[in-house]
Amino acid sequence: QVQLVESGGGLVQPGGSLRLSCAASGNVFSIDAMGWYRQAPGKERELVAVITSGFDTSYADSVKGRFTISRNNARNTVYLQMNSLKPEDTAVYYCNAPSRYTNEVYWGQGTQVTVSS
């Protein structure tokens, strides 16, 4: 089992920045890629960004150039630096890590990000 704990959400004005963190614990050797998803009210959960243990990254088109995903493998932590935030970025952000060996996917509890003036 892997536990994922997010932190860093909050209220920010349009154009502002936030940094989310997700710390993994437990059987961390069973995971490789880690990512961030988000879910806005009334919408489906969507992929925001993903990073492999080798630091390859991928982003949703809507956040390219504004968000940066990174990780510290020694600390089993993944980060999401969000700049130039827009009201449409408002959502609950979830950390995600699929198992290397099974079909299991681990999720954090989510952290609320609200972009509003």
Side-chain angles (χ1 to χ4, degrees):
Q1 285 291 320
V2 174
Q3 294 77 44
L4 302 174
V5 178
E6 302 104 335
S7 61
L11 173 64
V12 64
Q13 292 187 343
S17 298
L18 280 176
R19 188 194 196 207
L20 306 183
S21 300
C22 171
S25 61
N27 190 15
V28 296
F29 295 104
S30 69
I31 60 175
D32 181 349
M34 296 182 73
W36 289 95
Y37 283 70
R38 67 186 180 186
Q39 188 166 19
K43 295 188 177 181
E44 293 187 355
R45 192 172 295 190
E46 63 175 0
L47 176 66
V48 175
V50 64
I51 185 168
T52 68
S53 59
F55 305 102
D56 293 323
T57 60
S58 180
Y59 296 91
D61 288 343
S62 59
V63 307
K64 282 181 182 177
R66 300 188 299 121
F67 291 11
T68 302
I69 190 169
S70 61
R71 67 190 289 168
N72 183 324
N73 287 338
R75 296 186 177 183
N76 299 311
T77 301
V78 64
Y79 307 95
L80 186 69
Q81 178 66 43
M82 305 185 293
N83 299 328
S84 302
L85 282 160
K86 304 175 182 180
E88 51 264 43
D89 294 317
T90 295
V92 178
Y93 283 71
Y94 297 91
C95 183
N96 161 282
S99 170
R100 296 179 193 238
Y101 308 117
T102 71
N103 292 328
E104 192 162 12
V105 179
Y106 304 105
W107 292 93
Q109 81 285 357
T111 185
Q112 176 71 46
V113 172
T114 302
V115 185
S116 175
S117 55

Step-by-step side chain to side chain contact (heavy atoms under 4.5 Å, CB included) determination, Tyr93 to Gln39: CA-CA 7 Å; Tyr93 283 71; Gln39 188 166 19; over 6 Å; no
Asn76 CG to Ser25 OG distance, which is reported to the nearest 0.5 Å: 8.5 Å
Test side-chain contact (heavy atoms from CB on, under 4.5 Å) applied to Val12 and Thr114, Leu18, Thr90, the passing residue: Leu18
Joint hydrophobic cluster, Val50 plus Phe55, side-chain heavy atoms closer than 4.5 Å: no
Transitive ILVMFWY side-chain link Trp36 to Tyr94, under 4.5 Å: no
Distance (rounded to the nearest 0.5 Å) between Ile31 CD1 and Glu104 CD: 11.5 Å
side-chain contact (heavy atoms from CB on, under 4.5 Å), paired with Tyr106, selected from Pro98, Ser99, Cys95: Ser99
Interatomic distance, Gln81 atom CD to Ser70 atom OG [nearest 0.5 angstrom]: 8.0 Å
Minimum side-chain heavy-atom gap Tyr37-Val92 below 4.5 Å: no
Short side-chain to backbone donor-acceptor contact, Glu6 and Gln109, under 3.5 Å: yes
Side chains of Val2 and Ser30 in contact at under 4.5 Å (non-hydrogen atoms): yes
Side chain Arg38, main chain Ala91, donor-acceptor under 3.5 Å: no
Worked verdict on Asn72 versus Thr77 for side chain to side chain donor-acceptor pair (under 3.5 Å): CA-CA 5 Å; Asn72 183 324; Thr77 301; over 6 Å; no
Closest heavy-atom pair and its distance - Ser17, Ser84: OG-N, 4.4 Å
Co-membership, hydrophobic cluster, residues Leu47 and Leu80, 4.5 Å side-chain: no
Phe29 atom CZ, neighbour heavy-atom count above 12 within 6.0 Å: no
pair Gln13-Ser116: side-chain heavy atoms closer than 4.5 Å: no
Close side-chain approach of Asp89 to Arg66, heavy-atom, < 4.5 Å: yes
Heavy-atom closest contact (Lys64 atom, Asp61 atom, distance): NZ-OD1, 3.1 Å
Side chain to side chain, Asp56 and Ile51, heavy atoms closer than 4.5 Å: no
Cationic tip of Arg71 above Tyr79 ring, under 6.0 Å, 45° of axis: no
Asn83 side, atom CG; Arg19 side, atom CZ - distance, nearest 0.5 Å: 11.5 Å
Inter-residue atom distance Ser62.OG - Glu46.CD, 0.5 Å rounding: 5.5 Å
Shared hydrophobic cluster, Val5 / Val78 (ILVMFWY, side-chain heavy atoms < 4.5 Å): no
Glu44 atom CD, neighbour heavy-atom count above 12 within 6.0 Å: no
Check: Ile69 main-chain N/O paired with Tyr59 side-chain donor or acceptor under 3.5 Å: yes
Test log, rule side chain to side chain contact (heavy atoms under 4.5 Å, CB included), inputs Thr57 and Thr52: CA-CA 7 Å; Thr57 60; Thr52 68; over 6 Å; no
Closest approach of Ser117 to Pro14 (non-hydrogen atoms, all atoms of both residues): N-CD, 3.7 Å
